[in-house]
Amino acid sequence: SIAENSPALSNGPIIFQRGFAAAADIPFNQGGQLYKIDPASGTENSFGAGSQPNYSIDGTIIAFIDSTHLFVTSASTFNPAGIVIPQGGSPINALYPKVSPDNSQVVFQGFASVNSNSLYKTFIINTACTSSNAYDTSVCNKTVLAFHGNIGDNGTTSSIYPSWYPTLTPSGPNRTGKILFVKTSDSQSTVDARNATGDIYETDVTIATNGVVTEGASTNLTNNPAKYSFPTYSHDGTRIAVVKTDAGGSDSLYIMNSNGSSPVSIVNNGGSGQITVLDPAWSPDDARIAFSDSIELFQITTGTLQISPVT
């Protein structure tokens with residue numbers, strides 16, 4: 001997992017995970033270590049234990065998981081705080097966490113049982129939900145996005161790979177925003193193997209002052225089911241980068257408009273062989289996208305489509 005720093009649209013270091021334990025640790029990638037690297041100089045520094053890191057928009061906070069549990073830390077100093085279940089205090093199991101534009105929330109892919117079906121769902125929780133605040137409902141709440149009625153979810157579909165639209169808009173005392181995700185009817189094991197077929201959706205959300213989230217309308221952006229993963233908005237909100245896996249198991253990196261139109265493949269296998277593309281992350285100025293092939297990090301310029309190694 002990789003993420004680019006984003007202070008004031010000044011391109012900074014990339015944070016990424018190096019190494020993980022046995023394949024049995026999928027999808028959590030346990031045993032990983034977080035590193036930061038300057039893509040210009042190649043200078044690399046160890047940051048702390050963890051996997052699936054994500055920078056906040058302003059580059060001050062990092063969300064990540066460690067041994068299946070959700071944490072947040074200052075981006076400057078590794079001082080992890082575990083996020084816990086509200087009114088319970090137990091650690092949260094999470095996948096692919098993403099920090100909200102105002103740093104107050106984390107959206108993540110989590111586990112749910114709906115009508116006896118084991119599914120992945122999208123959850124949103126306050127970053128203040130640490131052990132000292134677990135019972136304080138003014139700052140510690142968790143919402144599962146059900147999507148019932150909006151996208152025909154009758155308890156048999158999963159919502160995976162969630163991410164935030166890059167801005168939240170004040171609405172009285174509340175904030176409104178959007179969540180991007182992939183909807184699929186495939187099983188958890190198929191999702192974990194990155195073989196799930198679905199469409200990319202965008203859902204409106206309203207966040208109350210205490211962090212409780214209310215869902216709004218959902219929109220199918222692709223209307224063409226495929227094996228999509230890791231959709232993420234550009235920092236200006238006009239484009240989406242997403243990985244699409246073909247029938248042969250080879251990945252391609254696509255860019256499309258934020259409404260799902262005009263998808264263009266910018267990294268692919270050239271018509272033969274098989275490549276892996278994981279965790280695309282936009283640079284703060286949206287001029288580059290960093291991604292992993294599961295072994296090394298690369299970056300591609302979104303204008304000239306020049307690919308260069310980072311690690």
Let me see the working for N79 and T77 under side-chain hydrogen bond (donor to acceptor under 3.5 Å, both in side chains), right down to the final yes or no.
-> CA-CA 6 Å; N79 55 350; T77 304; over 6 Å; no
Mind jotting down which residue pairs meet the salt bridge (Lys or Arg N to Asp or Glu O under 4.0 Å) criterion with at least one end in residues 245-266? Sequence neighbours excluded, please.
-> R194-D251
Sidechain-backbone polar pair: S41 side chain, T43 backbone, donor-acceptor under 3.5 Å | yes
Under the ring-ring contact (aromatic ring centres under 6.0 Å, His included) rule, what do F78 and F71 come out as? Steps first, then yes or no, please.
-> CA-CA 11 Å; F78 189 70; F71 291 84; 8.4 Å; no
In sequence, state the C-alpha distance, the side-chain angles, and the governing distance for E215 and T203, and then conclude on side-chain hydrogen bond (donor to acceptor under 3.5 Å, both in side chains).
-> CA-CA 7 Å; E215 299 172 41; T203 288; 6.0 Å; no
Would a 4.5 Å heavy-atom cut-off, applied to side chains only, mark I266 and I289 as touching?
-> yes
Report yes or no: does N210 contribute a side-chain atom to a donor-acceptor pair with the main-chain N or O of V212 at less than 3.5 Å?
-> yes
Are the side chains of V243 and L278 in touch, meaning some heavy atoms are under 4.5 Å apart?
-> no
Are side-chain heavy atoms of V182 and Y120 found at a separation under 4.5 Å?
-> no
Applying side-chain contact (heavy atoms from CB on, under 4.5 Å), run through I15 and F64 and close with a yes or a no.
-> CA-CA 11 Å; I15 189 165; F64 65 98; over 6 Å; no
Scan residues 97-133 for pairs that pass disulfide (SG to SG under 2.5 Å), counting only residues two or more places apart or in two chains.
-> C129-C140
Between N103 and the options T127, D58, V72, the side chain to side chain contact (heavy atoms under 4.5 Å, CB included) test singles out D58
So do the side chains of W282 and T302 get within less than 4.5 Å of each other, counting heavy atoms only?
-> yes
Quick one: do V107 and T122 satisfy side-chain contact (heavy atoms from CB on, under 4.5 Å)? Show the steps, please.
-> CA-CA 7 Å; V107 66; T122 293; 3.4 Å; yes
Report the C-alpha separation of S100 and R175 in whole Å, then their side-chain angles, then the decisive distance to 0.1 Å, and conclude whether the side-chain hydrogen bond (donor to acceptor under 3.5 Å, both in side chains) test is met.
-> CA-CA 11 Å; S100 66; R175 294 146 290 159; 5.8 Å; no
Is a side-chain donor or acceptor of S218 paired with a backbone partner of Y201 at a separation under 3.5 angstrom?
-> no
So T190 and S187, side-chain hydrogen bond (donor to acceptor under 3.5 Å, both in side chains) or not? Walk me through it.
-> CA-CA 5 Å; T190 302; S187 66; 2.9 Å; yes
With a cut-off of 6.0 Å (strictly less than), are more than 12 heavy atoms of other residues, nucleotides or ligands near CD of Q306?
-> no
List for me each residue that meets salt bridge (Lys or Arg N to Asp or Glu O under 4.0 Å) alongside D66, sequence neighbours excluded, and say none if there are none.
-> none
With a 4.5 Å limit on heavy-atom distance, are the side chains of K121 and T157 in contact?
-> yes
Within the side chain of H235, is there an N or O that forms a donor-acceptor pair under 3.5 Å with the backbone of D285?
-> no
For the residue pair V191 and Q109, establish whether any side-chain heavy-atom pair is separated by less than 4.5 Å.
-> yes
Between Q188 and F111, is any pair of side-chain heavy atoms under 4.5 Å apart?
-> yes
Does S265 offer a backbone N or O that forms a donor-acceptor pair with the side chain of K244 under 3.5 Å?
-> no
Are any side-chain N or O atoms of D279 and backbone N or O atoms of F291, one a donor and one an acceptor, separated by less than 3.5 Å?
-> no
Is there a donor-acceptor pair closer than 3.5 Å between any side-chain N or O of E202 and the backbone N or O of T219?
-> no
Do I179 and I124 have side chains that get closer than 4.5 Å, going by heavy atoms?
-> yes
